[in-house]
Amino acid sequence: MLVNDAISTTPSADHLVPHIPGVIFQLYRSHCGQMRFSYLEGGGESLKHIDRQQLATDANPLIKQLTDSDHPKIMSAIERSAKAMLPLSTRFRLPFPEDRPRWITVSAKPEPTTDGVCWNGMMMDITDQVAEEQRLRKLCDTDPLTGLPNRRKLMMHLNHLSALSARHGTPLSIMMLDIDHFKRLNDRWGHLEGDNVLKKLATQAQTLLRSEDMVARLGGEEFMVVLPLTPLQQCHKLADRLRDAIANYDFGVGAGQVTLSIGVAEYRCGEPLDSLMTRADQALYSAKDIGRDCVCLLP
């Protein structure tokens, strides 16, 4: 009797599918590229605002509409899977009416048919996972005090821009910034006020420079600015404008109490980035030797 009861209460697949946190599907694509979902069932919010009937008859237009900017990526993944008969694995953003888009991951196994390919697989909502990935990535790339990119993010960006500069022969310059007598400021006003100066400087630098320029904190009171498509002389002018604005800004410790020494250098095609940064650093030290609150350059 107990055995019979256990069998009778075992849930069927039809009962379980609506309650799983995802969508089970079967996608068919003909050799001419026509697609349709011969099976599409599951739970969660994913299917509530989707025309299942259209997906079952002609999925191409709706797939393009739903995946939006991710559509080329989705189609490339489907094409690769169909050609090599390898598992389909990708992710895309699914828009929702009156709500933020949801991130969906797709995993499916292809099987050849007489006139096309059929995938059996599953789609899962991974929005919370993607949000956590983005949060952790931001923590890895961001200076916690100022909110600016940190050295790691800066070097990735500089590597990318130097490769573009070398490939296309376009100019690229950097500024090395250091707050003058920062230790004296900390000793007089305290470290909390010193931290406020660093945060205000970060905000002001972003406001005063161009949107395409990256301002990053290297550590302590030292910052760097990366200026794409900018030759040395133009970088020098921008640096002097920034220096002057900071010298005349009231950071709450008295006007003119916070000044910058700035060294600038232009990237030489094929030059190691360590060399570029060393030259900018040398220019910075020259600015300090001259008397601070000035800009020096190394051609």
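Position 1 is the first residue of the sequence; numbering continues from there.
- With sequence neighbours excluded, the residues forming a side-chain hydrogen bond (donor to acceptor under 3.5 Å, both in side chains) with Asp58 are Gln34, listed by chain and number.
- The side-chain heavy atoms of Ser162 and Leu273, taken from C-beta on, include a pair separated by under 4.5 Å.
- Between Lys200 atom NZ and Asp250 atom CG the span is 7.5 Å, to the nearest 0.5 Å.
- Atom NE2 of His71 sits in a crowded spot, with more than 12 heavy atoms from other residues, nucleotides or ligands closer than 6.0 Å.
- Sorted by first and then second residue, the ring-ring contact (aromatic ring centres under 6.0 Å, His included) pairs with a member in residues 98-123 form an empty list; sequence neighbours excluded.
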| task | Could you walk me through whether Glu79 and Arg29 pass the side-chain contact (heavy atoms from CB on, under 4.5 Å) test, one step at a time? | result | CA-CA 10 Å; Glu79 185 65 28; Arg29 192 187 78 156; 2.9 Å; yes
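- Residues Ile63 and Val23 share a hydrophobic cluster, clusters being chains of Ile/Leu/Val/Met/Phe/Trp/Tyr side chains in contact below 4.5 Å.
- Remark: side-chain polar atoms of Asp115 are not paired, donor with acceptor, to backbone N or O of Ser30 under 3.5 angstrom.
- Sorted by first and then second residue, the ring-ring contact (aromatic ring centres under 6.0 Å, His included) pairs involving residues 243-269 (not counting sequence neighbours) are Tyr249-Phe251.
- Asp68 and Arg93 are not joined by a salt bridge, as no carboxylate oxygen comes within less than 4.0 angstrom of a charged side-chain nitrogen.
- Listed by chain and number, the residues in a side chain to side chain contact (heavy atoms under 4.5 Å, CB included) with Leu136 are Glu132, Leu139 (sequence neighbours excluded).
- Annotation: Lys73, atom NZ; neighbour count of heavy atoms from other residues, nucleotides and ligands within 6.0 Å is above 12.
- The main-chain N or O of Asp70 is never found under 3.5 Å from a side-chain atom of Thr67 such that the two would form a donor-acceptor pair.
- Residues Met123 and Thr105 form no side-chain contact, since every pair of their non-hydrogen atoms from C-beta on lies 4.5 Å or further apart.
- Side-chain heavy atoms closer than 4.5 Å link hydrophobic residues (I, L, V, M, F, W, Y) into clusters, and following such links, even through other members, never connects Leu229 to Val226.
- Contact between Gly33 and Asn60 at its shortest, heavy atoms only, is O-ND2, 3.0 Å.
- Residue pairs meeting the ring-ring contact (aromatic ring centres under 6.0 Å, His included) criterion with at least one partner in residues 166-185, sequence neighbours excluded, do not occur; the list is empty.
- Between Ser38 and Gln26 the shortest heavy-atom distance is OG-OE1, 2.7 Å.
- With a 4.5 Å cut-off on side-chain heavy atoms, Leu172 and Leu227 do not count as touching.
- Here the side chains of Leu201 and Val258 are not in contact, with every heavy-atom distance at 4.5 Å or above.
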| query | Do Cys118 and Leu27 pass the side-chain contact (heavy atoms from CB on, under 4.5 Å) test, and can you show the C-alpha distance, the side-chain angles, and the key distance before you say yes or no? | reply | CA-CA 6 Å; Cys118 182; Leu27 171 64; over 6 Å; no
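- By the side chain to side chain contact (heavy atoms under 4.5 Å, CB included) test, Glu133 is found to be paired with Arg91, Gln129, Val130, Arg137, residues two or more places apart in sequence or in another chain being considered.
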| Full working for side-chain contact (heavy atoms from CB on, under 4.5 Å) between Gln204 and Ile246 | CA-CA 8 Å; Gln204 287 302 306; Ile246 294 301; 3.9 Å; yes
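- Considering all non-hydrogen atoms of both residues, Pro112 and Met85 come closest at CD-SD, 3.7 Å.
- Contact annotation: the side chain of Asn186 approaches that of His191 to within less than 4.5 Å [non-hydrogen atoms, C-beta and beyond].
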| query | Going through the checks in order, is the side-chain contact (heavy atoms from CB on, under 4.5 Å) test met by Leu209 and Val225? | reply | CA-CA 9 Å; Leu209 292 166; Val225 184; 3.6 Å; yes
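- Each salt bridge (charged side-chain N to carboxylate O under 4.0 Å, His left out) pair with one or both residues in residues 149-168, not counting sequence neighbours, appears once here: Asp141-Arg152.
- Shown here are the side chain to side chain contact (heavy atoms under 4.5 Å, CB included) partners of Glu193, two or more places apart in sequence or in another chain: Trp189, Asn196, Val253.
- Judged by distance alone, the side chain of Ser81 and the main-chain N or O of Leu86 form a donor-acceptor pair under 3.5 Å.
- Thr142 places no side-chain N or O within donor-acceptor distance of the main-chain N or O of Pro144, the cut-off being under 3.5 Å.
- The ring pair (Phe, Tyr, Trp, His ring centres under 6.0 Å) test applied to Tyr28 returns no partner, not counting sequence neighbours.
- Here Lys183 pairs with Asp187 in a salt bridge; the nearest charged N to carboxylate O distance falls below 4.0 Å.
- In terms of heavy-atom proximity, Ser165 sits nearest to Pro171 at OG-C, 4.4 Å.
- Residues Asn120 and Phe25 form no side-chain contact, since every pair of their non-hydrogen atoms from C-beta on lies 4.5 Å or further apart.
- Linking Ile, Leu, Val, Met, Phe, Trp and Tyr whenever their side-chain heavy atoms come within less than 4.5 Å puts Leu238 and Leu260 in one cluster.
- Looking at Asn150, its side chain does come within 3.5 Å of a backbone N or O of Cys140 through a donor-acceptor pair.
- The shortest non-hydrogen separation linking Val117 to Pro110 is CG1-CB, 3.9 Å.
- Using a 4.5 Å heavy-atom threshold, the side chains of Leu145 and Asp195 count as touching.
- Looking at residues two or more places apart in sequence or on another chain, you find a side-chain hydrogen bond (donor to acceptor under 3.5 Å, both in side chains) between Asp180 and Thr259, Ser261, Lys288.
- Rounding to the nearest 0.5 Å gives a distance of 13.0 Å between CG of Asp244 and SG of Cys294.
- Legend: salt bridge (charged side-chain N to carboxylate O under 4.0 Å, His left out) pairs involving residues 254-276, not counting sequence neighbours, sorted by first then second residue: Glu271-Arg279.
- Here the straight-line distance linking atom NE2 of His160 with atom CG of Leu158 works out to 11.0 Å at 0.5 Å rounding.
- Here the side chains of Ile290 and Cys296 are in contact, with some heavy-atom distance below 4.5 Å.
- Separating the CG atom in Leu62 from the CZ atom in Arg36 is a distance of 15.5 Å, to the nearest 0.5 Å.
- Rounded to the nearest 0.5 angstrom, Asp51 CG and Leu66 CG are separated by 9.5 Å.
- Residue pairs meeting the side-chain hydrogen bond (donor to acceptor under 3.5 Å, both in side chains) criterion with at least one member in residues 210-234, sequence neighbours excluded: Asp143-Arg217, Arg210-Asp213, Arg210-Thr230.
- Of the possible donor and acceptor atoms, one in the side chain of Thr207 sits under 3.5 Å from a partner among the backbone N and O of Thr203.
- Taking the charged nitrogens against the carboxylate oxygens, Asp240 and Lys237 have no contact shorter than 4.0 Å, which rules out a salt bridge.
- In this structure, the side chain of Asp281 does not engage the main chain of Met277 through any donor-acceptor pair within 3.5 Å.
- Under the 4.5 Å side-chain heavy-atom criterion for ILVMFWY residues, a single connected hydrophobic cluster contains both Ile262 and Phe223.
- Closest heavy-atom contact between Ser173 and Leu232: OG-N, 3.6 Å.
- Residues Leu198 and Leu154 do not share a hydrophobic cluster, clusters being chains of Ile/Leu/Val/Met/Phe/Trp/Tyr side chains in contact below 4.5 Å.
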